[in-house]
Student: 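First, the structure itself, so that you have it in front of you.
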Amino acid sequence: MMKKKGIAVALALGMMVPALHPSQAATKEVKIESISFSGSRVPTTVEEMSKPFTTASVVVEYTDGKTKKFPLTYKQLFKTTDTFKMSNGETFSAGTPTNFYGDPITDKSVDGKPVHYVSDAPDANSLLRPMKDGSLYLVSHYEYDSLDNAGNPAWRRVPASMTLTELHQNMKTGELKVSTVDKIDFSTVNGLWVPCNGSLTPWNTHLGSEEYEPDARSFEFDTPDKLSESTAHLKDFAKLYFEDEKKANPYPTY
């Protein structure tokens with residue numbers, strides 16, 4: 001599904017839940033008996049469907065029989081266009097893909113106006129449970145860039161990327177804030193191709209997927225003067241990622 005370029009899209013949405021403590025109850029003897037979640041209804045209006053939406057809540061029951069409902073809300077951590085200083089010392093947008101050498105990839109589709117590509121299609125997020133040092137980490141997919149600066153389709157032509165974000169959580173309010181954002185290096189597997197769905201595994205690790213892989217059959221039978229769309233995309237990918245279209249290859253080489 002293509003996403004309109006330029007839309008400010010939230011990469012990760014932290015649900016705010018006020019910290020609960022027995023001392024907040026009416027008396028010191030009253031304690032929390034149970035905590036349950038009340039699910040959200042499905043959005044029904046265009047306005048509700050066009051933005052992050054939830055009517056979910058946390059329901060807390062106390063030992064004195066009273067209950068209290070805490071509405072959940074979406075909180076934006078950062079957008080694909082927000083800039084961060086990466087581990088290589090360069091500062092660029094979170095959604096900007098990097099090449100084999102770790103440098104941000106430049107869009108040169110408009111003469112004299114080079115800009116970095118920036119994904120407008122963030123996809124999967126996995127919030128990794130606290131590490132031994134107490135840190136939280138978020139793995140995010142940037143599936144593709146819909147259009148280049150000249151308005152040409154960029155899907156599958158431009159290498160994709162992922163980020164690893166370190167988060168700090170306020171233990172009183174539950175609020176998450178960004179500490180650092182860095183690009184994940186895929187040079188050892190020759191780049192990343194259209195990363196789509198992902199999930200958190202039972203082992204507290206991220207499981208991500210790629211889709212719309214290049215057609216190896218057409219690559220074998222294409223001729224220099226007649227390239228299939230799949231091979232043309234692959235060559236553009238190789239030119240941007242390796243700075244050499246001759247390295248285009250639909251087969252794993254690692």
Side-chain angles (χ1 to χ4, degrees), residues 1-16 49-54 72-99 101-110 113-128 130-131 135-151 154-155 157-170 173-187 191-200 206 208 240-241:
M1 179 176 66
M2 303 297 285
K3 302 175 180 68
K4 187 176 180 182
K5 189 176 181 69
I7 294 178
V9 185
L11 296 178
L13 304 168
M15 294 186 291
M16 297 289 291
M49 295 177 187
S50 64
K51 61 184 180 181
F53 172 84
T54 182
L72 302 183
T73 59
Y74 282 106
K75 298 294 181 180
Q76 180 175 284
L77 290 176
F78 59 90
K79 299 179 293 184
T80 63
T81 53
D82 289 345
T83 58
F84 297 93
K85 187 173 183 179
M86 308 297 175
S87 59
N88 65 357
E90 297 187 65
T91 298
F92 50 89
S93 297
T96 294
T98 52
N99 62 19
Y101 307 100
D103 299 320
I105 299 176
T106 301
D107 178 355
K108 301 177 182 178
S109 60
V110 177
K113 295 182 178 180
V115 294
H116 289 158
Y117 284 103
V118 180
S119 172
D120 58 343
D123 203 294
N125 290 286
S126 286
L127 182 62
L128 305 183
M131 305 293 109
S135 298
L136 284 166
Y137 290 92
L138 180 75
V139 178
S140 302
H141 288 195
Y142 304 86
E143 188 173 355
Y144 52 78
D145 192 348
S146 299
L147 303 171
D148 63 20
N149 202 29
W155 175 70
R157 292 179 45 243
V158 178
S161 68
M162 291 166 57
T163 53
L164 179 65
T165 301
E166 183 177 0
L167 300 169
H168 170 75
Q169 185 172 34
N170 184 313
T173 65
E175 183 178 7
L176 297 173
K177 288 190 176 181
V178 174
S179 296
T180 60
V181 175
D182 201 9
K183 304 304 288 191
I184 298 175
D185 182 8
F186 283 90
S187 61
L192 185 64
W193 185 277
V194 194
C196 190
N197 187 40
S199 63
L200 180 68
H206 174 73
L240 290 171
Y241 190 71

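Along the sequence shown, residues carry numbers from 1.
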Student: Name all residues meeting the salt bridge (charged side-chain N to carboxylate O under 4.0 Å, His left out) criterion together with K113; count only those two or more places apart in sequence or in a different chain, and write none if there are none.
Tutor: none

Student: In chain order, what residues pass the ring-ring contact (aromatic ring centres under 6.0 Å, His included) check against H116, with sequence neighbours excluded?
Tutor: none

Student: Working to the nearest 0.5 angstrom, can you tell me the gap between M86 CE and T180 OG1?
Tutor: 10.0 Å

Student: What is the distance from atom OG of S126 to atom CG of L200, rounded to the nearest 0.5 Å?
Tutor: 5.0 Å

Student: Test your reading of the model: is there a side-chain donor-acceptor pair from D148 to the backbone of S109, 3.5 Å cut-off?
Tutor: no

Student: Can you measure from CD (E166) to CG (L138) and round to the nearest 0.5 angstrom?
Tutor: 12.0 Å

Student: So W155 and L147, do their side chains get closer than 4.5 Å, heavy atoms only?
Tutor: no

Student: For the backbone of C196 and the side chain of H141, can you confirm whether one donor and one acceptor N or O come within less than 3.5 Å of each other?
Tutor: yes

Student: Distance check, rounded to the nearest 0.5 Å: L136 atom CG versus L127 atom CG?
Tutor: 5.5 Å

Student: Can you name the residues that form a side-chain hydrogen bond (donor to acceptor under 3.5 Å, both in side chains) with D182, not counting sequence neighbours?
Tutor: S87

Student: Do T54 and T73 touch side chain to side chain, with heavy atoms closer than 4.5 Å?
Tutor: no

Student: Distance from L192 atom CG to M162 atom CE, nearest 0.5 Å?
Tutor: 6.5 Å

Student: I'd like to check the side chain to side chain contact (heavy atoms under 4.5 Å, CB included) partners of S161; sequence neighbours left out, ordered by chain and number.
Tutor: P97, Y142, K183

Student: Hey, is the main chain of Y144 close enough, under 3.5 Å, to the side chain of S119 for a donor-acceptor pair?
Tutor: yes

Student: Sequence neighbours excluded, which residues qualify as side-chain hydrogen bond (donor to acceptor under 3.5 Å, both in side chains) partners of D185?
Tutor: S187

Student: What residues, two or more places apart in sequence or in another chain, satisfy side-chain hydrogen bond (donor to acceptor under 3.5 Å, both in side chains) together with Q169?
Tutor: none

Student: With rounding to the nearest 0.5 angstrom, report the OH to CH2 distance, Y241 to W193.
Tutor: 13.0 Å

Student: Please enumerate all residues that pass side chain to side chain contact (heavy atoms under 4.5 Å, CB included) together with L164, with sequence neighbours excluded.
Tutor: Y137, V139, I184

Student: Could you pull out all residues at least two apart from Y117 that satisfy ring-ring contact (aromatic ring centres under 6.0 Å, His included)?
Tutor: none

Student: Considering residues at least two apart in sequence or located in another chain, which fulfil the side chain to side chain contact (heavy atoms under 4.5 Å, CB included) criterion with T91?
Tutor: T83, K85

Student: Passes side chain to side chain contact (heavy atoms under 4.5 Å, CB included), V115 versus T106? Steps please.
Tutor: CA-CA 6 Å; V115 294; T106 301; over 6 Å; no

Student: Looking at D120 and S146, would you say the former's side chain and the latter's main chain have a donor-acceptor pair under 3.5 Å?
Tutor: yes

Student: Using the side chain to side chain contact (heavy atoms under 4.5 Å, CB included) rule, pick out the option among T80, D123, T163 that qualifies with S140.
Tutor: T163

Student: Would the distance check show the side chain of S179 and the main-chain N or O of L167 forming a donor-acceptor pair, the cut-off being under 3.5 Å?
Tutor: no

Student: How close do A160 and E143 get, heavy atom to heavy atom, and via which atoms?
Tutor: CB-O, 3.7 Å

Student: Suppose we screen for side-chain hydrogen bond (donor to acceptor under 3.5 Å, both in side chains). Which residues come up paired with N88, at least two apart in sequence or across chains?
Tutor: E90

Student: Taking side chain to side chain contact (heavy atoms under 4.5 Å, CB included) as the definition, give me every residue that meets it alongside D82, ordered by chain and number, with sequence neighbours left out.
Tutor: F78, K79, F84

Student: Apply side chain to side chain contact (heavy atoms under 4.5 Å, CB included) to residues K75 and L77 and explain how you reach the verdict.
Tutor: CA-CA 6 Å; K75 298 294 181 180; L77 290 176; over 6 Å; no

Student: Under 3.5 Å, is there a donor-acceptor pair between the side chain of S93 and the main chain of G95?
Tutor: no

Student: For the pair T98 and D103, evaluate side chain to side chain contact (heavy atoms under 4.5 Å, CB included) and give the outcome as yes or no after the intermediate values.
Tutor: CA-CA 5 Å; T98 52; D103 299 320; over 6 Å; no

